[in-house]
Amino acid sequence: WNNFSPDTGKIVRYQRPSGKNVRLDDGVNEGSEVSIYYDSLLAKLIACGNDRTEAIQNLIQAIDEYIIEGVATTLPFGRFVCKDPDFVSGHFTTAFIPTHFTKEIADSLHKNEALLAARLALHLHLQERNKLRLPVHS
């Protein structure tokens, strides 16, 4: 969110995608410490398909399955790109980021990601609370 600057911290949750025709080259695990001395590329996510449309759909599914918590990633940006009509059609240039990825869109993606995280946390909390409830006897 800071002009694609790398983030540092501890990876507290790490779930690799397992989608169809997906390849992941990574060098981190849950618990890895990401310091200022690392290559900013934590992982390379690749998807293929019988055509461009299928490859993009496989990549979106892999991005949706990929969970990295503790450090900021470009996964939301990747999802944004894969859903952009110009990218999907193949009609884009090296000016894609300045012409398509405005500050307002970046802020919106960041806000949506925060809301999704809050919803997930609430869901997990309620799930755990329900597990701990004892049956009521009359």
Option from T73, I67, V71 for which side chain to side chain contact (heavy atoms under 4.5 Å, CB included) with E69 holds: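 Of the listed residues T73, I67, V71, the side chain to side chain contact (heavy atoms under 4.5 Å, CB included) partner of E69 is I67.
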Closest approach of A43 to L24 (non-hydrogen atoms, all atoms of both residues):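 Closest approach of A43 to L24, heavy atoms only: CB-CD1, 3.8 Å.
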Where is the tightest heavy-atom contact between V22 and P17, given as atom of each residue plus distance?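 So the two residues come closest at CG1-CG, 4.3 Å.
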With distance as the sole criterion, is a donor-acceptor pair present between the side chains of Q57 and Q61 under 3.5 Å?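 Judged by distance alone, the side chains do not pair up.
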side-chain hydrogen bond (donor to acceptor under 3.5 Å, both in side chains) contacts in which one or both residues fall within residues 47-56, not counting sequence neighbours: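 Output for this query lists N50-E54.
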Run S18 and E65 through side chain to side chain contact (heavy atoms under 4.5 Å, CB included) and show every step you take. CA-CA 7 Å; S18 59; E65 290 180 6; 3.5 Å; yes
CA sep, side-chain torsions, deciding dist, call: I68, I11, side chain to side chain contact (heavy atoms under 4.5 Å, CB included): CA-CA 7 Å; I68 303 176; I11 297 176; 4.3 Å; yes
Test: salt bridge (charged side-chain N to carboxylate O under 4.0 Å, His left out). Region: residues 26-38. Which pairs qualify, not counting sequence neighbours?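 Those involving residues 26-38 are R16-D26.
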Hey, are the side chains of [X] and [Y] touching, using non-hydrogen atoms and a 4.5 Å cut-off?
| X | Y | value |
| --- | --- | --- |
| V34 | K10 | no |
| L59 | L45 | yes |
| I56 | C82 | yes |

Report the distance from atom CG of L41 to atom CG of D25, rounding to the nearest 0.5 Å.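 Going from CG on L41 over to CG on D25, the span is 9.0 Å.
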Main chain of A47, side chain of N21: is a donor-acceptor contact present, judged purely on distance under 3.5 Å?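 Pair absent, no side-chain N/O of N21 close to backbone of A47.
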According to the interplanar angle, ranging from 0 to 90°, do the rings of F92 and F87 count as parallel (below 30°), tilted (30 to 60°) or perpendicular (above 60°)?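 Rings of F92 and F87: tilted, 30 to 60°.
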Between R79 and D64, does the side chain to side chain contact (heavy atoms under 4.5 Å, CB included) criterion hold? Intermediate values first, please. CA-CA 8 Å; R79 186 181 302 106; D64 289 344; 2.7 Å; yes
